[in-house]
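In what follows, a single structure is set out as structure tokens and then discussed.
Letters A, B, ... mirror the listed sequences (proteins, then strands); counts begin at 1. Keep in mind the model is a prediction, meaning the values are calculated, not measured.
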Amino acid sequence: MKLSKTYSPKQVEDKIYRLWQKSGFFNPDKRPAQRKKTYCITIPPPNITGSLHMGHALNTVVQDILIRFKRLQGLRTLWLPGTDHAGIAAQNVVEKELKKEGKTRFDLGREKFIERMWDWKKKYGNIILDQLKKLGASCDWSRKVFTLDKNYSEAVKTAFLHYYKKGWIYRGKRVINWCPRCQTSLSDLELEYKEEKGKLWYIKYPLEQKNKRTKEQKNKYVLVATTRPETMLGDMAVAVNPKDKRYKNLKGKKVILPLVEREIPVVADNLVDPKFGTGAVKVTPAHDFTDYKIAQNHNLTFCQIIDEQGKITEEAPLSYQGLTILRARQKIIEDLKSKKLLEKEEAYKISIPKCYRCSTTVEFIPSQQWFLKMDKLAKMAEKAVRQGKIKFIPKRFEKTYFDWLKNVRDWCISRQIWWGHKIPLKDESDVLDTWFSSALWPFVTLGWPQKNNDLKRFYPTDVLSTGRDIINLWVARMIFSGLEFMKKVPFKDVYVHATVLTREGKRMSKSLGTGVNPLDLIEKYGADATRFGIAWQVMGGQDIKFVEDNIMMGKKFCNKIWNAARFVLLEIESAKTLLLHSSRVLVETKNLNNVDKRILGELNKTIKSVNKHLENFQFGKAAQVLYDFFWHDFCDRYIEETKRVDIGCQQRTQKILLYVLLTSLKLLHPFVPFITEEIYQKLPLKDKKPCLMVETWPNSLHSHL
RNA sequence: GGGCGGUUAGCUCAGCGGAAGAGCGUCUGGUCUACACCCAGAAGGUCGCAGGUUCAAGUCCUGCACCGCCCACCA
């Protein structure tokens with residue numbers, strides 16, 4: 001029973017984690033004596049390519065606190081873990097490996113390449129889950145799911161065919177986002193816009209001259225402003241706003257598209273912003289979404305001049321064919337200059353769409369793809385939140401969700417990569433957007449489409465905890481999928497956790513070396529200290545500027561807990577037979593002196609406060625309340641008082657010491673599970689549970705104190 | 001172009017209508033037996049700026065500035 005003077009996490013953590021795993025109590029079916037009520041969180045499945053960063057750490061801490069809290073309260077608690085196959089992201093990693101060998105995926109062929117993907121997955125795919133264990137995550141590993149498991153694939157197929165039969169999935173040639181490097185389409189949410197310095201070029205589009213002898217018409221032209229002159233090769237019109245008086249006379253006229261020498265009409269459309277540039281814009285239906293709409297409004301045809309490699313197609317004049325976009329741009333500018341058709345150029349800030357997985361500039365090109373109709377699904381998803389069936393915490397993130405749903409376009413669900421779920425139709429070689437399968441996560445993990453026991457018991461799940469960057473990418477799609485396939489929302493609360501930033505308030509970035517590796521923190525301070533320090537900083541959804549000082553505070557606090565326990569164990573050593581039933585509330589309340597009453601009263605307040613804060617996702621507040629009680633009320637005041645106490649009172653004091661310690665351990669356990677478990681294992685209690693993890697959460701009973 | 005969040009002690013943050021708080025850091029003192037990753041105590045803030053509401057405002061309202069994030073069809 002002798003404890004070392006300082007707490008050493010390394011001697012405790014792995015041992016305790018093994019103890020938990022051996023107990024089987026992460027699995028709700030193995031845990032004895034619990035209430036019927038369930039509590040379930042399906043983990044946001046990390047990508048198999050991922051390695052733990054501070055965002056994961058924060059999210060893991062949050063979820064594990066909730067799960068352990070509810071488990072102690074006696075609920076049938078399931079935290080279901082798993083990983084995501086991460087289509088493009090994972091494929092890119094293996095393609096990079098291949099590149100080192102001087103090969104591409106096309107050299108291997110589809111089948112071999114997918115074999116290679118699975119090899120990679122087997123080797124590295126579970127690393128991140130092992131890292132979660134280091135943090136103490138109490139997931140039921142026996143239920144672990146991977147989004148390409150056989151059952152999962154079946155479920156995806158079922159879901160696809162369900163939509164297909166309903167007529168909500170259709171195939172069509174549309175302008176889509178295309179990554180020339182990944183060689184695949186991307187959904188709107190898979191783009192990241194980056195602001196760059198660009199230019200705005202003003203180009204003269206000469207008016208068609210029917211009668212060459214009319215002098216007035218000579219040298220007449222429409223001035224058009226563009227940031228992407230190369231797309232002019234595919235222009236099918238020039239458009240102006242119908243209310244724009246400057247161009248009143250141009251209606252019905254035609255202009256000659258420079259360099260191509262093609263005749264194109266001037267059209268009037270409300271989509272044109274008269275304040276931009278000259279108020280007259282070029283219309284390239286094949287390579288711009290707005291232009292595509294304008295083209296539809298005026299029955300214009302396409303002319304695709306950029307291909308899937310990002311090169312100029314044969315639709316363009318010969319001299320430009322095969323050039324890359326940048327080369328084509330240069331040449332076009334030169335050619336325009338020499339023809340004196342370039343009026344001027346201005347510096348201009350421009351937002352460039354980049355592939356969110358490889359940062360290559362994305363092109364807009366027409367392509368044959370599969371789409372999922374969004375109108376009805378979006379309405380369902382919106383309604384569920386409006387009716388309060390799902391709550392966002394903090395509430396303001398509802399807005400992000402509603403705004404997206406309001407304007408959402410049909411979801412392009414086909415991808416031209418190989419790693420993923422194949423579209424389950426004959427002669428289809430495309431795979432589904434990785435988010436199509438992720439969208440089914442909360443119920444497929446529980447067994448859907450089979451109607452098994454887990455699905456019945458645990459769906460709808462209770463909380464989804466996630467970062468704000470995937471509210472639409474993932475959360476919204478889970479919500480409508482849940483409503484469509486289960487007829488019920490997939491979770492009741494969406495907790496949108498803080499973003500962990502650097503001390504300077506910037507995004508943590510691996511490549512810039514500004515990231516903090518949680519594993520380093522665990523190594524340096526211990527898992528409990530890391531958890532407590534992180535939880536301490538979780539305040540009302542506010543972003544966290546990470547400072548390591550807080551982890552140090554966590555470490556000191558752990559040491560304080562350790563030493564308080566040492567003291568209590570020393571104090572009660574003399575009382576050979578013990579003392580407390582772990583489940584019994586206390587001790588008789590007579591014979592208490594004021595010091596006793598005070599500590600028990602404070603303890604009582606602390607229990608109430610911790611309950612309240614945890615129910616409200618106020619992790620930082622709960623941590624601070626506990627810290628304050630344990631350190632100041634218990635250690636600084638009560639323990640110091642007991643050192644002065646008369647010998648006659650000892651036994652009562654011993655009981656209170658043990659009682660307050662035990663109760664504190666229970667309250668602290670969700671935050672610092674390892675150290676509290678380790679101490680619990682050493683307490684002399686009469687009817688000790690096998691683990692603190694499955695003890696009974698304290699009631700706040702002694703209000704009369 | 002819209003929207004959201006932030007601006008409080010040297011640092012990171014609580015407080016959101018009634019006498020300025022925590023952790024870390026700093027300083028002073030202490031420590032024979034739980035802990036120096038300790039104890040007792042102290043210093044340190046005209047609560048971003050300017051107006052307004054109120055008996056009373058970090059706390060509510062209006063405007064502005066700076067920092068950060070999100071959305072958008074600025075071609």
Check: Does any residue of residues 617-629 of chain A have a heavy atom under 4.0 Å from RNA chain B, and if so, which ones, in number order?
Finding: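 Those residues are K621(A), Y627(A).
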Note to self: So if I take residues 543-553 of chain A and measure heavy-atom distances to RNA chain B, which residues fall below 4.0 Å?
What the structure shows: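 The answer is K545(A), V547(A), D549(A), M553(A).
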Margin query: For E382(A), give me all partners under side-chain hydrogen bond (donor to acceptor under 3.5 Å, both in side chains), at least two apart in sequence or on another chain.
Written below: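 Per chain and number, E382(A) pairs via side-chain hydrogen bond (donor to acceptor under 3.5 Å, both in side chains) with R386(A).
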Notebook entry, point to check: Looking at residues at least two apart in the chain, or sitting in another chain, which of them share a side-chain hydrogen bond (donor to acceptor under 3.5 Å, both in side chains) with T313(A)?
Noted result: none
Notebook entry, point to check: More than 12 foreign heavy atoms under 6.0 Å from NZ of K354(A): is that the case here?
Noted result: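 Atom NZ in K354(A) is crowded, with more than 12 foreign heavy atoms closer than 6.0 Å.
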Which residues share a salt bridge (charged side-chain N to carboxylate O under 4.0 Å, His left out) with [X], sequence neighbours left out:
X       : answer
E677(A) : none
K395(A) : E398(A)
K621(A) : none
R503(A) : none

So, are [X] and [Y] salt-bridged, with charged N and O less than 4.0 Å apart?
X       : Y       : answer
E641(A) : K643(A) : no
R246(A) : D244(A) : yes
E363(A) : R228(A) : yes

Notebook entry, point to check: Expressed in angstrom and rounded to an integer, what is the separation of W536(A) atom CH2 from G23(B) atom C1'?
Noted result: 5 Å
Margin query: In whole Å, I'd like the distance from the CG atom of N563(A) to the P atom of A34(B).
Written below: 10 Å
Next item on the list: Return the 5'-most residue of the pair Q537(A), A564(A) with respect to RNA chain B, ranking by each residue's nearest nucleotide.
Entry: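 Final value for this comparison: Q537(A).
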Margin query: Syn if the chi torsion is within 90° of 0, anti otherwise; quick check, which is G58(B)?
Written below: syn
Notebook entry, point to check: What stems, by residue range, does RNA chain B take part in, given at least 3 consecutive Watson-Crick or G-U pairs under 3.5 Å?
Noted result: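 As far as RNA chain B goes, consecutive pairing (with distances under 3.5 Å) yields the stems B:1-7 with B:65-71, B:10-13 with B:21-24, B:26-30 with B:38-42, B:48-52 with B:60-64.
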Note to self: Under 4.0 Å, heavy atoms only, any strand: does K5(A) hit a base, just the sugar-phosphate, or nothing?
What the structure shows: sugar-phosphate
For residues 536-543 of chain A, run the donor-acceptor check on the side chains, cut-off 3.5 Å, and write out each pair with its distance to 0.1 Å, sequence neighbours left out.
residue, atom, partner, partner atom, Å
Q537(A), OE1, N550(A), ND2, 3.3
Q537(A), NE2, G533(A), O, 3.3
D543(A), OD1, R468(A), NH1, 3.4
D543(A), OD1, R468(A), NH2, 2.7
D543(A), OD1, T499(A), N, 3.0
D543(A), OD2, R468(A), NH1, 3.3

Produce the list of close N/O pairs, under 3.5 Å, pairing protein atoms with atoms of nucleotides 38-41 of chain B; give distances to one decimal.
residue, atom, partner, partner atom, Å
C38(B), O3', K560(A), NZ, 3.1
C39(B), OP1, K560(A), NZ, 3.3
C39(B), OP1, W631(A), NE1, 2.3
C39(B), OP1, D636(A), OD1, 3.2

Taking N or O atoms only and anything under 3.5 Å, show me the protein contacts with nucleotides 71-75 of chain B, one pair per line.
residue, atom, partner, partner atom, Å
C73(B), O4', T290(A), OG1, 3.3
C73(B), O2', T290(A), OG1, 2.5
C74(B), O2', Y348(A), OH, 3.3
A75(B), OP2, Y348(A), OH, 3.2
A75(B), O5', T227(A), OG1, 3.4
A75(B), O3', T226(A), OG1, 2.9
A75(B), O3', T227(A), N, 3.2
A75(B), O3', T227(A), OG1, 3.4
A75(B), N6, D273(A), N, 2.7
A75(B), N6, D273(A), O, 3.3

Notebook entry, point to check: Y495(A) and F617(A): aromatic ring centres closer than 6.0 Å?
Noted result: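 Centroid distance Y495(A)-F617(A): below 6.0 Å, so yes.
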